[in-house]
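Since the structure comes first, as structure tokens, the remarks are kept for the end.
Naming: A, B, ... by sequence-line order, numbering from 1 per chain. Computed from a predicted structure; not experimentally measured.
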Amino acid sequence: MPEGPELHLASLYVNKMCAGVVFTGPVRKSEVSKSPDVAFACEAYLITATSRGKEVKLTLTPMKSDDTKQRVKAGQADQAMDIVLRFGMSGYFRFTTEDELPKHAHLRFYSKETPCRVLSFVDARRFGTWHPNGTWQPDRGPCIMFEYESFREKVVSRLSDRAFDKPICEVLLNQKYFNGIGNYLRAEILFRLNIPPFVAARVVLEGLESEDLCENEKKVKDEIPDTKTSDGDTQLKRETGDLLRLCHTVPLEVVSLGGKGYDPQKADYSDFEAWLQCYYKDGMTSIRDHNGRTMWFKGDPGPMTPKVLKSPKAKKKAKKEEDHDYTDNKKVARGRSESTPKKKVVKQETATKTPKKEKDAHPKEAGSKRRETEKSEEVNAPQTKERSAARGRKSSSAEPTAGAPRRSSRMTRQNSK
DNA sequence: CGTCCACGTCTAC
DNA sequence: TAGACCTGGACGG
């Protein structure tokens, strides 16, 4: 969930659900959370939210009353407090009754009703954080969705920054310049323009102007290939705008998909999945970037494609071997200089294309990926995603295609209800 | 049961 | 530029 669009949808969710709701008492934190306590308590306060790139800011506003002195004396807030949150890999908001508190609700705001309801920041993996009395993180750039002009200007004017020496797909994750872009967005954006992911960012970006010449807010019309015909090869990509503009418009498309894209309650990610054209899609290729993140793309990977294998798997494998290596020469032998090459078995890269034994039933499922990886083993060659229908097939062999076990593995929030 | 993978930062050799 | 930080779902055995 959490890339720029989801963070923004989260702020919309808070504003919608909490409009007119009066909250009361202290803000509560789960026992297990390592994020700071939120020292705010108030007899009656309101909650609103805004977003910027990959951050959300909650504003707690005490409601007027005449007993200000008393309140202050009682340790109650009389001033608004901002809390800035980052969502990590799994954060989101829910507004529920107290007895429906989601698991992993690490920060909670209680309404004054009876029975009361609770606005929760839910974050299973706890990679998310919050900062009481916080401000937008200084090192993050302008929001790609709502500060488009300054975002664009900043990138164009700082192209000499060595940050742009790296492959474009990696630079797109640099929040100093692309605040709001995440792993699925970088794949979708580069795919739309057919830009090889591992081309130096500067090469891709130089020549672009600060002014967006295509500045007439015309909806980016993109042909979404008929999902049924699978074979997402339908090449009708006629995108409007340059890379920087798509860093703005593509995320906004996700926002326009609406709440169902976000609200885990709806458990309905089908629209979002249908919207995806590249990320995790069948027929696409994926390889690990220099930071170990999976880059999805199609076609030419570009000249700066990572040489050494650094998939989590490869790493783990290497580690394992080390553990079982009693020869004591680890440090010397492969200590570090040659890091991971170990068995660069590089099978013929032609191994890339997996026999297509399955006709797509329905794009979806992230399943089979591991299988592919399996095949590639130590190979650095890109892997194209193969059908996973086989997966559903397999597990529910009794039930072939009909109700296709379309539980869409990932993308499906752990709510499904 | 175990392994691999995930929409993201952080910080420590 | 590796790990670290976490939980849980999908799969494989």
Side-chain angles (χ1 to χ4, degrees), chain A residues 1-10 30 32-35 53-55 85-92 102-104 106 122-131 137 139-140 166 170 172-176 178-188 251 254 261-262 264 269 272-273 275-276 278-280 286 288-296 306 308-320 322 331 335-337 339-340 364-374 376-377 383 385 388 390-397 405 407-416:
Chain A
M1 305 195 50
E3 296 186 21
E6 288 76 23
L7 278 278
H8 182 64
L9 286 165
S30 74
V32 65
S33 172
K34 290 174 182 166
S35 287
K54 255 182 260 183
E55 295 184 306
L85 302 94
R86 263 159 262 142
F87 282 17
M89 295 284 270
S90 55
Y92 63 95
K103 198 177 177 185
H104 307 299
H106 296 302
V122 186
D123 182 16
R125 299 182 69 181
R126 274 181 276 144
F127 289 171
T129 60
W130 58 78
H131 299 271
Q137 197 171 237
D139 289 343
R140 307 186 76 103
K166 297 181 176 180
E170 291 170 18
L172 285 176
L173 293 186
N174 184 342
Q175 304 299 298
K176 178 177 176 181
F178 298 88
N179 188 8
I181 302 296
N183 206 26
Y184 80 71
L185 283 171
R186 69 169 178 174
E188 295 299 314
V254 178
Y262 172 70
Y269 274 74
F272 178 70
E273 289 187 280
W275 174 83
L276 290 174
C278 175
Y279 183 79
Y280 246 109
S286 72
R288 301 287 170 156
D289 68 15
H290 293 283
N291 299 305
R293 300 270 259 149
T294 303
M295 179 66 216
W296 288 89
V308 292
L309 241 270
K310 35 179 44 181
S311 72
K313 169 157 192 168
K315 283 191 254 174
K316 226 176 187 181
K317 204 163 193 180
K319 186 182 175 191
K320 217 173 189 177
E322 250 183 50
K331 284 185 176 169
R336 46 144 288 72
S337 51
S339 50
T340 332
K364 258 168 209 87
E365 296 309 70
S368 69
K369 214 174 35 133
R370 173 139 23 87
R371 271 230 256 61
E372 262 68 73
T373 306
E374 217 61 273
S376 67
E377 282 292 341
Q383 294 306 302
K385 186 182 179 208
S388 46
R391 184 128 314 355
R393 219 53 106 358
K394 208 167 185 191
S395 45
S396 62
S397 51
R407 56 182 177 334
S408 66
S409 52
R410 73 169 302 74
M411 290 324 173
T412 297
R413 220 86 216 73
Q414 74 278 32
N415 43 233
S416 57

From [atom1] of [X] over to [atom2] of [N], roughly how many Å is that when rounded to an integer?
{"X": "H104(A)", "N": "dC5(C)", "atom1": "NE2", "atom2": "C1'", "answer": "15 Å"}
{"X": "R86(A)", "N": "dC5(C)", "atom1": "CZ", "atom2": "P", "answer": "19 Å"}
{"X": "Y279(A)", "N": "dA6(B)", "atom1": "OH", "atom2": "C1'", "answer": "7 Å"}
{"X": "D123(A)", "N": "dT9(B)", "atom1": "CG", "atom2": "P", "answer": "13 Å"}
{"X": "N291(A)", "N": "dA4(C)", "atom1": "CG", "atom2": "P", "answer": "17 Å"}
{"X": "E6(A)", "N": "dT9(B)", "atom1": "CD", "atom2": "P", "answer": "12 Å"}
{"X": "R126(A)", "N": "dA4(C)", "atom1": "CZ", "atom2": "C1'", "answer": "13 Å"}
{"X": "M295(A)", "N": "dG8(B)", "atom1": "CE", "atom2": "P", "answer": "13 Å"}

Flag side-chain contact, heavy atom, 4.5 Å: Q175(A) against D139(A): no
Evaluate the side-chain proximity of K176(A) to R140(A): yes if any heavy-atom separation is below 4.5 Å, no if none is. no
Distance between the P atoms of dC5(B) and dG13(C), in whole angstroms? 15 Å
Same-atom distance (P) from dC5(C) to dC13(B), integer angstrom: 12 Å
Please check the phosphate of [N] (OP1 and OP2 only) for any side-chain N or O of [X] closer than 4.0 Å.
{"X": "Q137(A)", "N": "dC10(B)", "value": "yes"}
{"X": "H290(A)", "N": "dA2(C)", "value": "no"}
{"X": "T294(A)", "N": "dC5(B)", "value": "no"}
{"X": "K103(A)", "N": "dT7(C)", "value": "no"}
{"X": "Q175(A)", "N": "dT9(B)", "value": "yes"}
{"X": "R125(A)", "N": "dA4(C)", "value": "no"}

E273(A) and Y279(A): side chain donor to acceptor below 3.5 Å: no
Got a donor-acceptor contact below 3.5 angstrom from the D123(A) side chain to the G88(A) backbone? no
Which label fits Y269(A) and F272(A): parallel for a plane angle under 30°, tilted from 30 to 60°, or perpendicular past 60°? perpendicular
Using the test side-chain hydrogen bond (donor to acceptor under 3.5 Å, both in side chains), find all partners of N174(A) that sit at least two apart in sequence or belong to another chain. none
Check every strand shown and say whether R140(A) touches a base, only sugar-phosphate, or nothing at a heavy-atom separation below 4.0 Å. sugar-phosphate
Can you tell me if F127(A) is stacked onto the base of dC5(C), using a 5.5 Å centroid cut-off and an angle below 30°? yes
Note, DNA chain B 5' to 3' with Watson-Crick or G-U pairs under 3.5 Å encoded as ( ), [ ], | and . gives ||||||.|||||.
S35(A): what forms a side-chain contact (heavy atoms from CB on, under 4.5 Å) with it, not counting sequence neighbours? S33(A), T129(A), W130(A)
